[in-house]
Every structure is written in structure tokens, then in C-alpha cells.
Amino acid sequence: MLRPLHDGVLIRRIEEDMVTSSGLVLPDTAKEKSQKAEVIAVGDGAPQRNGVGRLPMRLTAGQRVLLPKYGGVDVKVDGETLVMFKESEILAIIE
């Protein structure tokens with residue numbers, strides 16, 4: 001498994017059902033990247049500006065988050081596509 005450095009966050013997108021309210025199933029070509037995701041791993045925090053210590057991470061593995069529509073770096077791990085973001089790029093925690 002990968003462990004992100006500094007303020008990196010490794011996430012797995014949560015695939016949403018592509019069924020309309022009327023029950024129509026949309027094809028894969030109509031799918032957009034899901035903005036909901038699960039945190040898989042987090043780094044140990046970005047270095048403080050004064051060089052002493054690290055800024056604490058707000059996210060922890062297992063949390064569900066809301067992502068921006070675009071961004072992140074796709075990473076293949078054991079045949080699965082995960083995405084790496086900086087913690088500051090994550091929009092919200094889903095509670």
C-alpha cells in the first residue's frame with residue numbers, strides 16, 4: 001500500500017449508481033467522475049513554515065469526503081485506480 005508524503009491524501013472514488021429517478025440506467029459513456037470518495041491513507045502533515053514540526057492532518061483513513069470535479073493524480077495500486085490529492089484540495093468531509 002502507498003503512504004502519502006507530507007499533506008498528501010490517497011482516496012478511492014465511490015462509484016454512484018447511474019440510474020435516473022425514472023429508473024433508466026445510463027451507459028458508462030454518460031458517467032462523470034464521482035465527487036464522493038473514501039480516504040485510504042494520509043501523510044504525516046506538511047512541514048511548518050519555521051521548519052520545526054508538522055501541521056496536523058485533519059483527515060483520517062476511513063472518512064468520506066467531497067472532491068473537486070477535476071484534479072488529483074491517478075495512481076494504479078494492485079490493479080485499482082486510486083487518486084492522490086493534497087489535503088487543501090479536498091472540499092468537505094461527508095458526515
Side-chain angles (χ1 to χ4, degrees):
M1 180 51 80
L2 292 177
R3 184 168 169 248
L5 296 176
H6 306 296
D7 61 343
V9 180
L10 186 65
I11 60 102
R12 175 184 296 124
R13 289 185 190 274
I14 298 171
E15 295 301 321
E16 298 181 38
D17 291 335
M18 293 302 294
V19 179
T20 65
S21 58
S22 61
L24 295 174
V25 177
L26 299 174
D28 287 342
T29 56
K31 284 186 178 181
E32 290 185 13
K33 287 184 179 179
S34 174
Q35 287 184 265
K36 293 180 183 175
E38 177 184 2
V39 176
I40 303 301
V42 297
D44 54 358
Q48 298 238 21
R49 289 181 193 228
N50 63 7
V52 179
R54 298 193 172 276
L55 296 171
M57 296 291 283
R58 293 182 215 160
L59 297 175
T60 58
Q63 286 183 308
R64 290 179 169 237
V65 293
L66 185 65
L67 303 173
K69 211 166 206 175
Y70 303 103
V73 176
D74 289 348
V75 179
K76 281 254 186 196
V77 178
D78 297 330
E80 180 180 19
T81 301
L82 304 175
V83 187
M84 186 77 72
F85 279 90
K86 284 187 157 196
E87 187 180 51
S88 60
E89 296 173 315
I90 308 259
L91 301 176
I93 297 171
I94 300 172
E95 295 181 340

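For the numbers below, each heavy atom of this structure counts, side chains included, while hydrogens, waters and symmetry mates do not.
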**Student:** Taking all non-hydrogen atoms of both residues into account, name the closest pair between Gln35 and Lys69 and its distance.
**Tutor:** NE2-N, 3.6 Å
**Student:** Among residues at least two apart in sequence or on other chains, which ones pass side-chain contact (heavy atoms from CB on, under 4.5 Å) with Asn50?
**Tutor:**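 Testing Asn50 for side-chain contact (heavy atoms from CB on, under 4.5 Å), a comparison that skips the adjacent residues, returns Gln48, Val52.
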**Student:** Sequence neighbours left out, what pairs pass salt bridge (Lys or Arg N to Asp or Glu O under 4.0 Å) with at least one residue falling in residues 5-14?
**Tutor:** Arg12-Glu38, Arg12-Glu80
**Student:** How far apart are the closest heavy atoms of Pro4 and Gly8, and which atoms are they?
**Tutor:**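 For Pro4 versus Gly8, the nearest heavy atoms are CB-O, 3.4 Å.
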**Student:** Who are the salt bridge (Lys or Arg N to Asp or Glu O under 4.0 Å) partners of Glu89, not counting sequence neighbours?
**Tutor:**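 Residues passing salt bridge (Lys or Arg N to Asp or Glu O under 4.0 Å) with Glu89: none at all.
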**Student:** Of all heavy-atom pairs between Ala41 and Leu2, which one has the smallest distance, and what is that distance?
**Tutor:**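 Shortest heavy-atom contact: CB-O, 3.9 Å.
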**Student:** Provide the closest heavy-atom pair for Phe85 versus Gly72 in the form atom of the first, atom of the second, distance.
**Tutor:** CE2-N, 3.5 Å
**Student:** Would you please name every residue forming a salt bridge (Lys or Arg N to Asp or Glu O under 4.0 Å) with Arg54, sequence neighbours left out?
**Tutor:** Asp44
**Student:** Is it possible for you to say whether Val73 and Val83 belong to one hydrophobic cluster, with membership spreading through side-chain heavy-atom contacts below 4.5 Å?
**Tutor:** no
**Student:** Linking I/L/V/M/F/W/Y whenever their side-chain heavy atoms sit closer than 4.5 Å, directly or via other members, would Leu55 and Val42 fall into one cluster?
**Tutor:**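 Per the 4.5 Å side-chain linkage, Leu55 and Val42 are not co-clustered.
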**Student:** Going by the rule side-chain contact (heavy atoms from CB on, under 4.5 Å), which residues pair with Thr81 if we only count those two or more places apart in sequence or in a different chain?
**Tutor:** Asp74, Lys76
**Student:** Are Leu10 and Val39 connected in the hydrophobic side-chain network, where two residues link if heavy atoms are under 4.5 Å apart?
**Tutor:**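 Result: no, two separate clusters.
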**Student:** With the 4.5 Å side-chain cut-off for hydrophobic clustering, are Ile14 and Leu91 part of the same group?
**Tutor:**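 Looking at the clustering, Leu91 is in a separate group from Ile14.
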**Student:** Return the minimal non-hydrogen interatomic distance between Ala61 and Ile40, and the atom names on each side.
**Tutor:**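 Looks like CB-O, 3.4 Å.
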**Student:** Quick check for you: to the nearest 0.5 Å, what is the distance between Ile11 atom CD1 and Leu67 atom CG?
**Tutor:**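 CG of Leu67 is found 4.5 Å from CD1 of Ile11.
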**Student:** Would you mind listing every side-chain hydrogen bond (donor to acceptor under 3.5 Å, both in side chains) that reaches into residues 58-67, with sequence neighbours excluded?
**Tutor:** none
